[in-house]
Amino acid sequence: MNEAIRQMLQPYNCLTRADYTNALREILQELALLGLWRTKFFEHAAFYGGTALRILYGLDRFSEDLDFSLLKPNPSFSLKPYGDGLRRELTSFGFEVDFEVREKRARRQIESAFLKTNTLQQLIVIEAHTTALGAQHAHEQLKIKLEVDTDPPPGFATESKPLLVPIPFTVNSYSLPDLFAGKMHAILCRKWKQRVKGRDWYDLVWYLARHPTLRLSHLEQRMRQSGDWHEGRPFTREDLMQALIRRIETLPVNQARDEAARFVRDSDALAIWSQDFFLQIVERIQVV
């Protein structure tokens with residue numbers, strides 16, 4: 001195993017197949033960020049979403065995708081030019097991956113691509129314990145989706161965040177108040193159907209415990225772009241709280257808890273979840 005990968009794996013203290021798979025996914029995510037940095041991607045885009053919160057700010061749950069936003073709208077942006085750099089970076093550390101850009105649908109503002117690899121082969125690369133390897137299906141694929149918002153709503157700030165492994169490099173990221181605004185937009189406006197994302201609510205608790213300040217103007221811009229705020233006046237904290245209370249009152253808490261449990265090591269942290277719990281803690285939200 002590459003020595004840098006050994007050092008990256010050590011803090012995970014892997015015991016089970018799930019431990020190794022989560023660690024592998026996160027190592028591949030960080031190597032992908034390094035590859036994007038080398039190809040000057042962050043001169044044009046910023047990292048945001050749950051994985052940004054996990055890798056850059058210490059969110060204590062695992063996350064699956066790499067989400068980015070262009071710094072300014074560019075409908076012709078493509079991830080294709082970055083594919084070779086990503087593959088080259090991962091190969092240099094011993095990982096074999098495919099890079100596949102998804103065909104962009106008309107009028108869709110999201111550019112998508114996938115990093116794909118054989119899970120078993122890469123678990124062998126990181127020298128997973130034989131008990132984890134024996135439980136792994138030979139043809140199972142590990143996929144990491146990359147998504148870039150090519151028409152970002154305005155009004156966000158970014159900051160350069162350093163990562164030290166496998167080598168020192170920097171990632172351009174949304175600031176925490178703007179990350180919180182993006183998460184709040186997902187909480188208020190995501191269409192649940194039968195698939196409520198408990199991860200959103202886990203992240204909400206994390207924000208309120210550590211970084212409760214939200215950039216309200218950026219949330220307003222996101223809601224105007226998605227068609228969820230049409231008023232001819234600014235979106236206020238009172239509007240936010242009313243919308244959030246309505247959302248909480250219809251939240252299927254058990255479904256949310258079950259979905260979030262796959263991404264956290266200590267499911268006891270979810271035991272307290274209830275509508276009353278969320279109604280109480282959202283009073284901590286601060287706005288700028």
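These numbers were taken from a predicted model, which means no experiment stands behind them.
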### Message
Walk me through whether Thr117 and Gln122 qualify under side-chain hydrogen bond (donor to acceptor under 3.5 Å, both in side chains).
### Response
CA-CA 7 Å; Thr117 189; Gln122 308 318 316; 2.9 Å; yes
### Query
How far apart are the C-alpha atoms of Tyr202 and Phe263, what are their side-chain angles, what is the distance that settles it, and do they pass the side chain to side chain contact (heavy atoms under 4.5 Å, CB included) test?
CA-CA 10 Å; Tyr202 188 89; Phe263 298 92; over 6 Å; no
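Atom CD of Gln280 and atom OG of Ser274 lie 7.5 Å apart (nearest 0.5 Å). Going from atom CG of Leu146 over to atom CG of Leu33 covers 8.5 Å, rounded to the nearest 0.5 Å.
Lys145 places no side-chain N or O within 3.5 Å of a backbone atom of Lys143 that could act as its donor or acceptor partner. Of the possible donor and acceptor atoms, one in the side chain of Arg54 sits under 3.5 Å from a partner among the backbone N and O of Leu59. Using modelled atom types, one side-chain atom of Arg224 and one backbone atom of Glu231 make a donor-acceptor pair closer than 3.5 Å. In terms of modelled atom types and a separation under 3.5 Å, the side chain of His211 and the main chain of Leu208 share no donor-acceptor contact. In this structure, the side chain of Glu100 does not engage the main chain of Ala113 through any donor-acceptor pair within 3.5 Å. Distance alone, capped at 3.5 Å, is enough to place a donor-acceptor pair between the Thr51 side chain and the Asp65 backbone. Using modelled atom types, no side-chain atom of Asp239 and backbone atom of Phe235 make a donor-acceptor pair closer than 3.5 Å. Distance alone, capped at 3.5 Å, is enough to place a donor-acceptor pair between the Thr150 side chain and the Gln109 backbone. With hydrogens and angles disregarded, a donor-acceptor distance shorter than 3.5 Å links the side chain of Gln29 to the backbone of Glu64. For Thr119 (side chain) and Glu140 (main-chain N/O), a donor-acceptor pair under 3.5 Å exists by modelled atom type.
Between Tyr12 and Phe62, the ring-plane angle classifies as parallel under the 30° and 60° cut-offs.
Counting heavy atoms from C-beta on, the side chains of His218 and Tyr174 come closer than 4.5 Å. Annotation: side chain of Pro152 is in contact with side chain of Pro73 (closest heavy-atom distance under 4.5 Å). Contact of the Glu147 side chain with the Glu111 side chain is not registered, since no non-hydrogen atoms from C-beta on lie closer than 4.5 Å.
You'll find the ring centres of Tyr82 and Phe99 outside the 6.0 Å limit. Ring pair Phe47/Phe68: centre-to-centre distance below 6.0 Å.
When every heavy atom of Val264 is checked against every heavy atom of Arg61, the shortest pair comes out as CG1-CB, 3.8 Å. Nearest heavy atoms, Asp67 versus Gly49: OD2-CA, 4.4 Å. Summarising the geometry of Pro252 relative to Val196, their closest heavy-atom pair is CG-CG1, 3.9 Å, with the distance given to 0.1 Å.
Met1 and Val165 fall within a single hydrophobic cluster, where Ile, Leu, Val, Met, Phe, Trp and Tyr side chains are chained together by heavy-atom contacts under 4.5 Å. Leu204 is connected to Phe277 through a chain of hydrophobic side-chain contacts under 4.5 Å among Ile, Leu, Val, Met, Phe, Trp and Tyr, so both are in one cluster. Leu15 and Ile27 sit in two unconnected hydrophobic clusters of ILVMFWY residues. Membership requires side-chain heavy atoms under 4.5 Å apart, directly or through other members. Taking hydrophobic clusters as Ile, Leu, Val, Met, Phe, Trp and Tyr residues chained together by side-chain heavy-atom distances below 4.5 Å, Phe114 does not share a cluster with Val101. Ile124 and Leu90 fall within a single hydrophobic cluster, where Ile, Leu, Val, Met, Phe, Trp and Tyr side chains are chained together by heavy-atom contacts under 4.5 Å.
With respect to the salt-bridge test (charged N to carboxylate O, under 4.0 angstrom), the residues Asp228 and Arg222 do not qualify. Ionic pairing of Arg87 and Glu96 is not present here: no N-O contact between side-chain nitrogen and carboxylate oxygen is shorter than 4.0 angstrom.
In this model, no donor atom of one side chain and acceptor atom of the other lie less than 3.5 Å apart for Glu159 and Ser175. Side chain to side chain, Ser76 and Asn74 meet the donor-acceptor criterion of an N or O pair below 3.5 Å. Side-chain contact annotation: Tyr48 with Ser173, donor-acceptor N/O pair under 3.5 Å absent.
Within the structure, every pair that satisfies the salt bridge (Lys or Arg N to Asp or Glu O under 4.0 Å) test and touches residues 172-185, not counting sequence neighbours, is listed here: Asp178-Arg215, Lys183-Asp200, Lys183-Asp203. Applying the side-chain hydrogen bond (donor to acceptor under 3.5 Å, both in side chains) rule to pairs touching residues 248-264 yields Arg199-Glu259, Asn254-Arg257, sequence neighbours excluded.
The only option from Leu53, Leu56, Thr213 that meets the side-chain contact (heavy atoms from CB on, under 4.5 Å) definition with Leu176 turns out to be Leu53.
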